[in-house]
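What follows is a single structure, written as structure tokens, with notes after it.
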Amino acid sequence: MLDVKFIRDNLDQVKAALAKKGFMFDEAEFTRLDEARKAALTSAQSLQAEKKKASKQIGALIGQGMSPEDAKAQVMGSIDSDIGEAELAAKQAEQSLRELLMSIPNVPQNDVPFGSDENDNVEVLTWGEPVAFSFEAKDHVDLGEPLGLSFDDGALVAGSRFVAMSGAMARLHRAITQFMLDTHSEEHGYEETYVPYLVNRQALEGTGQLPKFEEDLFKVPGEKDFYLIPTAEVPVTNLLRDSVTDKTLPIKKVAHTPCFRSEAGSYGRDTRGMIRQHQFDKVELVQFVRPQDSDAALEELTGHAEAILQKLNLPYRKVILCGGDLGFSAAKTYDLEVWLPGQQKYREISSCSTFGDYQARRMQARWRNPETGKPELLHTLNGSGLAVGRTMVAILENYQQEDGSIVVPEALRPYMRGLEVIRP
RNA sequence: GGAGGGAUGGCUGAGCGGUUAAAAGCACCGGUCUUGAAAACCGGCAUAGGUUAAUCCCUAUCUAGGGUUCGAAUCCCUAUCCCUCCGCCA
């Protein structure tokens with residue numbers, strides 16, 4: 001959520017910044033709601049002041065020994081019935097403004113390039129060389145199926161866009177996860193964290209998935225409605241919701257969770273293989289930092305995700321997302337795209353973002369600034385470090401041999417009982 | 001599933017119809033003292049909104065939403081969360 005005061009004082013600037021994101025900011029509507037709120041609030045407050053004064057007078061008179069009836073009769077007059085109505089109106093005006101604010105995306109940072117979609121993203125760097133195979137490279141579906149990767153089994157027990165794994169494939173999947181968790185917690189200073197996979201509505205509002213993107217989520221209706229998490233960002237970031245943390249910033253957390261996405265609106269895209277699934281695992285990095293540190297933290301966090309790709313010796317490129325491709329809550333995002341020989345393309349494997357104070361304001365996540373002694377909003381960041389399923393895809397495709405076997409990357413061998421090659 | 005108890009500021013915790021936005025302690029900030037620090041002592045210290053050049057001031061907030069009342073942290077109802085006991089259970 002953006003700061004109302006900031007919007008009010010910088011209307012043109014906000015409008016321009018949001019336009020960069022492809023969002024049409026309705027200035028007239030904002031101003032209308034903002035002024036309606038102020039008017040309703042002012043009139044309710046003056047009535048409240050009158051009421052409060054009258055009650056105090058009655059209290060004083062009773063204190064002097066007057067009977068309650070006489071005291072009431074003497075003060076009388078100021079008792080009005082409008083007050084409930086005025087309070088309700090003020091509350092509704094406040095609510096309307098809040099609803100509008102909750103649906104306005106974060107503004108991009110100045111160094112975010114202009115552009116409308118992923119084609120306008122700007123490459124920052126490439127790392128590693130795509131392998132030149134002496135044979136025709138297969139994709140992960142053809143490579144994985146003989147080794148225990150089964151989309152048929154996934155479809156059998158759940159449906160399309162699900163996968164099941166057995167044997168070496170299941171083991172590899174776990175090895176990747178463990179390797180990432182260990183690296184981030186032991187080498188990059190993240191605290192290992194376990195969180196619920198079902199969350200409430202408030203958590204999703206805090207990070208920005210709701211109210212606007214309900215159709216992307218799996219809802220679990222019941223006596224109390226839950227949602228399956230679309231990313232660990234939701235439960236981990238919300239750990240600091242409604243609090244003033246007494247911990248020293250930065251707080252860095254890493255969590256491994258499954259992620260569930262309905263992928264509504266992506267029919268026909270990436271239908272083959274495990275690039276786009278309803279359920280996938282991800283190791284997520286989350287940082288809570290002082291406002292002055294968030295720019296540096298984004299570079300650091302992205303570097304931590306890159307370190308995984310480098311340790312696995314997977315060629316990738318780093319791009320900065322243009323305004324039009326930037327997520328709702330993000331102020332700036334780097335995507336890491338891994339090289340997939342089966343597709344002859346770089347595909348997204350990590351997305352690292354800073355949110356400034358946007359999520360913190362929605363969550364009311366604060367820290368105590370030692371300089372002011374006051375609770376102030378902190379800054380949040382997160383990034384995939386990395387998406388486990390896509391990492392597995394990248395390994396299968398980049399480490400394939402002509403006979404269909406897969407060389408196990410050295411970094412993963414300790415997690416595979418020393419296994420060097422996976423064969424059918 | 002059954003029976004109880006609870007939720008107060010960054011934290012602990014008093015208050016249980018009218019100078020209570022809320023005692024006290026801790027933490028934090030400033031000062032005195034000290035070579036420096038600690039201790040001791042003195043003072044300050046909730047959040048949000050309205051108003052303002054800024055202060056003053058005004059309003060709201062004692063988990064949330066309703067209700068009773070001239071007046072609610074305090075009484076009643078509902079919800080949420082936490083705790084204790086019983087039952088069930090990976």
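The figures here come from the full heavy-atom set of this structure, side chains too, leaving out hydrogens, waters and symmetry mates. Sequence lines set the chain letters: A, B, ... in the order given, protein chains first and strands last, and positions in each chain run from 1. These numbers come from a predicted model, not from an experiment.
U20(B): no Watson-Crick or G-U partner with both key distances under 3.5 Å is found in any strand. Of all nucleotides present, only C11(B) satisfies the Watson-Crick or G-U wobble test against G25(B), with each distance under 3.5 Å. When Watson-Crick and G-U wobble pairs are counted only if both distances are under 3.5 Å, A40(B) pairs with U32(B). U59(B): Watson-Crick or G-U partner is A48(B), with both key distances under 3.5 Å. Across all strands shown, the partner of A3(B) is U84(B), judged by Watson-Crick or G-U wobble contacts whose two distances both fall under 3.5 Å.
Between Lys52(A) and G18(B) there is no side-chain polar atom (N or O) within less than 4.0 angstrom of OP1 or OP2.
Using a cut-off of 4.0 Å between Lys/Arg side-chain N and Asp/Glu carboxylate O, Lys282(A) and Glu284(A) are scored as salt-bridged. By the 4.0 Å N-to-carboxylate-O rule, Glu214(A) lies close enough to Arg201(A) to be salt-bridged with it. One finds no salt bridge joining Glu50(A) and Lys53(A) here, because no Lys/Arg side-chain nitrogen approaches an Asp/Glu carboxylate oxygen to under 4.0 Å. Here Asp142(A) pairs with Arg272(A) in a salt bridge; the nearest charged N to carboxylate O distance falls below 4.0 Å. Salt bridge annotation for Arg161(A)-Glu263(A): absent, with no cationic side-chain nitrogen under 4.0 angstrom from a carboxylate oxygen.
Nucleotides C11(B) and G17(B) place their P atoms 27 Å apart, quoted to the nearest Å. G87(B) sits 15 Å from G4(B) when the C1' atoms are compared, rounded to a whole Å. For the C1' atoms, the distance linking U59(B) with A21(B) amounts to 13 Å, nearest Å. Spacing of C1' atoms, G71(B) relative to C33(B), comes out at 49 Å, to the nearest Å. When the P atom is used for both A73(B) and G65(B), the distance is 13 Å, rounded to whole Å. Annotation: C83(B) and C75(B) have their P atoms spaced 24 Å apart (nearest Å). The separation of A60(B) from A22(B), taken at their C1' atoms, amounts to 15 Å, rounded to a whole angstrom. A distance of about 36 Å separates the P atoms of C76(B) and G50(B), rounded to the whole Å.
Side-chain atoms of Glu397(A) and Gln343(A) form no donor-acceptor pair, as typed in the model, at a separation below 3.5 Å. Between the side chains of Glu233(A) and Thr207(A), no donor N or O sits under 3.5 Å from an acceptor N or O. Side-chain contact annotation: Thr193(A) with Glu191(A), donor-acceptor N/O pair under 3.5 Å absent. Of the N and O atoms on the side chains of Asp293(A) and His379(A), not one donor lies less than 3.5 Å from an acceptor on the other residue.
Atom CG of Asp242(A) and atom C1' of A7(B) are 15 Å apart (whole Å). Between the CD atom of Glu87(A) and the C1' atom of G71(B) there is a distance of 13 Å, given to the nearest Å. The nearest whole Å value for the distance from the CD atom in Gln48(A) to the C1' atom in C70(B) is 15 Å.
Across all strands shown, Lys224(A) has heavy atoms under 4.0 Å from sugar-phosphate atoms exclusively, and none from any base.
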Distances for protein N/O vs nucleotides 46-53 of chain B N/O pairs under 3.5 angstrom?
unit_1	atom_1	unit_2	atom_2	d
G49(B)	O3'	Arg37(A)	NH2	2.9
G49(B)	O2'	Arg37(A)	NH2	3.1
G49(B)	N2	Gln45(A)	OE1	3.3
G49(B)	N2	Gln45(A)	NE2	3.4
U51(B)	OP1	Lys38(A)	NZ	3.1

Sub-3.5 Å pairs of nitrogen or oxygen atoms, protein against nucleotides 73-78 of chain B:
none

With 3.5 Å as the limit, what N/O pairs link the protein to nucleotides 88-90 of chain B?
none

Atom pairs under 3.5 Å, N or O on each side, protein against nucleotides 61-69 of chain B: can you list them with distances?
unit_1	atom_1	unit_2	atom_2	d
G66(B)	OP1	Lys91(A)	NZ	2.9

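Relative ring orientation between Tyr190(A) and His188(A) is described as perpendicular, the plane-to-plane angle rising above 60° on a 0-90° scale split at 30° and 60°. Between Phe328(A) and Tyr358(A), the ring-plane angle classifies as perpendicular under the 30° and 60° cut-offs. In this pair, Phe179(A) and Tyr415(A) present their aromatic rings perpendicular. The plane angle is above 60°, beyond the 30 to 60° band.
Along RNA chain B, the nucleotide closest to Ser46(A) and the one closest to Val244(A) are compared, and the more 5′ of them pairs with Val244(A).
The salt bridge (charged side-chain N to carboxylate O under 4.0 Å, His left out) pairs that include a residue from residues 324-338 of chain A are Asp111(A)-Lys332(A), Glu299(A)-Lys332(A), Arg317(A)-Glu337(A), where partners are two or more places apart or lie in different chains. Residues in residues 406-421 of chain A take part in no salt bridge (charged side-chain N to carboxylate O under 4.0 Å, His left out) pair, two or more places apart or across chains.
To the nearest 0.5 Å, atoms CD (Glu376(A)) and CG (Asn369(A)) are separated by 4.0 Å.
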